[in-house]
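To start, the structure itself, in structure tokens.
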Amino acid sequence: MLGTMSLEKAAAIRAMKGRESIPVLTAYDFAMARLLDECGIPLLLVGDSLGMVVLGYPDTTHVTMDEMEHHVRAVARAKPAGLIVADLPYKSYETVEQAVTNAKGLVSAGAEAVKAEGGRDILPQVQAIISSGIPFCGHLGMLPQHVLEEGGYHVKGKTETEREALLADAKALEEAGAFGIVLELVTAPVAEEISKSITIPTIGIGSGKHCDGYVLVTTDLWGTTPGFIPKHVRPKFEIAERMRLAVAEWKMEIRQRP
Ligand code: KIV
């Protein structure tokens with residue numbers, strides 16, 4: 001059962017709309033959560049992107065509930081001041097019963113809110129999660145859990161049909177009581193239109209500069225994601241290079257030991 005503190009944190013994120021831009025980053029373990037907390041990040045997302053950047057899967061469709069719970073527990077041990085939101089993984093919210101059971105599982109592991117991908121197609125699940133007292137964050141646009149059926153990661157909102165569908169999905173999630181919506185790879189004009197037409201914050205990723213908040217996969221920001229870095233990311237620090245240098249330096253040091 002969630003305490004009032006968690007509900008207040010979700011309400012505080014919602015109330016940030018129109019007042020300040022919301023910075024959101026992904027956290028996958030204790031050390032990352034501590035560091036992001038020290039930086040005052042108000043929402044830590046235990047995203048199923050961890051499947052790709054931590055566990056080495058080719059996409060997020062391989063991530064299990066057990067894996068999500070394991071990482072949520074690690075993040076929760078850092079006791080961050082920001083809201084811990086956890087992704088419901090692939091096929092963990094196919095029915096209303098499954099969605100509520102798994103959302104509760106993530107909450108038992110330490111999550112304070114959950115996120116799932118979809119709009120009107122998962123509305124009964126969203127309504128049931130919210131009715132069970134768990135704050136919910138939507139996710140629209142390019143949905144990584146659909147990568148296999150869609151044959152890749154495609155920008156959404158380019159056609160009038162897609163624009164209308166995104167707007168209707170965003171409205172439906174707002175009416176269901178979601179406290180925010182991630183917009184991933186939505187065209188900038190459509191992301192702006194959605195942001196202006198709903199009262200809950202949009203959290204953009206690769207969706208232009210007119211969202212209410214922005215989210216990044218933290219390892220993309222740091223430049224430590226192995227392999228592919230998406231187009232919308234400009235890593236701030238070459239931390240990976242510094243890590244390699246630290247290892248090389250240490251290797252030299254121990255070689256020189258008698
Ligand atoms: O899994 C994740 O990290 C996400 C963000 C990219 C929004 O859903």
Side-chain angles (χ1 to χ4, degrees), residues 13 21-29 32-33 36 41-65 67-72 74-75 82-93 102-103 106 111 113-119 122 126 135-148 150 152-156 166 169-170 173 178-186 191 194-195 200-208 211-222 224-235:
I13 296 290
S21 194
I22 308 164
V24 176
L25 285 170
T26 60
Y28 307 124
D29 61 29
M32 255 175 129
L36 299 182
I41 296 298
L43 194 165
L44 276 61
L45 173 65
V46 188
D48 60 356
S49 52
L50 67 85
M52 296 168 80
V53 304
V54 178
L55 302 177
Y57 293 137
D59 56 61
T60 59
T61 65
H62 302 265
V63 179
T64 65
M65 265 302 290
E67 287 164 342
M68 286 306 300
E69 285 173 350
H70 175 80
H71 286 272
V72 168
V75 167
L83 181 74
I84 303 174
V85 181
D87 264 337
L88 279 160
Y90 186 61
K91 291 206 184 289
S92 71
Y93 47 101
N102 286 324
L106 292 172
V114 299
K115 172 167 88 57
E117 297 179 7
I122 59 161
V126 174
F136 181 85
C137 181
H139 187 149
L140 297 174
M142 189 283 286
L143 306 178
Q145 292 176 8
H146 292 229
V147 63
L148 300 179
E150 297 204 355
Y153 300 105
H154 306 296
V155 175
K156 293 293 163 73
L166 285 166
D169 283 336
L173 290 173
F179 71 85
I181 305 176
V182 166
L183 296 181
E184 182 158 9
L185 296 190
V186 172
I194 294 172
S195 304
I200 55 173
T202 56
I203 315 285
I205 174 160
S207 300
C211 293
D212 302 300
Y214 300 90
V215 55
L216 276 187
V217 167
T218 305
T219 55
D220 286 350
L221 176 71
W222 288 344
T224 57
T225 301
F228 171 78
I229 302 260
K231 261 198 242 149
H232 58 264
V233 181
R234 273 178 223 97

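Just so we're clear, the structure is a prediction, and the values are computed from it rather than from any experiment. Remember, it's 1-based here, ligands and their atoms both numbered in the order they're listed.
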Open item on the list: Please check this pair: side chain of Gln145 against backbone of Leu88, looking for a donor-acceptor N/O pair closer than 3.5 Å.
Closed with: yes
Open item on the list: If we count only N and O atoms by modelled type, under 3.5 Å, do the side chains of His139 and Glu184 hold a donor and an acceptor together?
Closed with: yes
Distance dump, ligand 1 polar atoms to protein, N/O, under 3.5 Å:
{"residue": "ligand 1", "atom": "1 (O)", "partner": "Asp48", "partner atom": "N", "Å": "3.2"}
{"residue": "ligand 1", "atom": "1 (O)", "partner": "Asp48", "partner atom": "OD1", "Å": "3.0"}
{"residue": "ligand 1", "atom": "1 (O)", "partner": "Ser49", "partner atom": "N", "Å": "3.0"}
{"residue": "ligand 1", "atom": "1 (O)", "partner": "Ser49", "partner atom": "OG", "Å": "3.3"}
{"residue": "ligand 1", "atom": "1 (O)", "partner": "Asp87", "partner atom": "OD2", "Å": "3.1"}
{"residue": "ligand 1", "atom": "3 (O)", "partner": "Ser49", "partner atom": "OG", "Å": "2.5"}
{"residue": "ligand 1", "atom": "8 (O)", "partner": "Lys115", "partner atom": "NZ", "Å": "2.8"}

- [ ] Output yes when a side-chain donor or acceptor of Ser207 lies under 3.5 Å from a complementary backbone atom of Ile205, and no otherwise.
- [x] yes
- [ ] Answer yes or no: is there a donor N or O on one side and an acceptor on the other, between the side chain of Glu67 and the main chain of Thr64, under 3.5 Å?
- [x] yes
Task: Main-chain N/O of Asp212 paired with Thr202 side-chain donor or acceptor, under 3.5 Å - done: yes
Task: Donor-acceptor contact present, side-chain His71 to main-chain Asp29, <3.5 Å - done: no
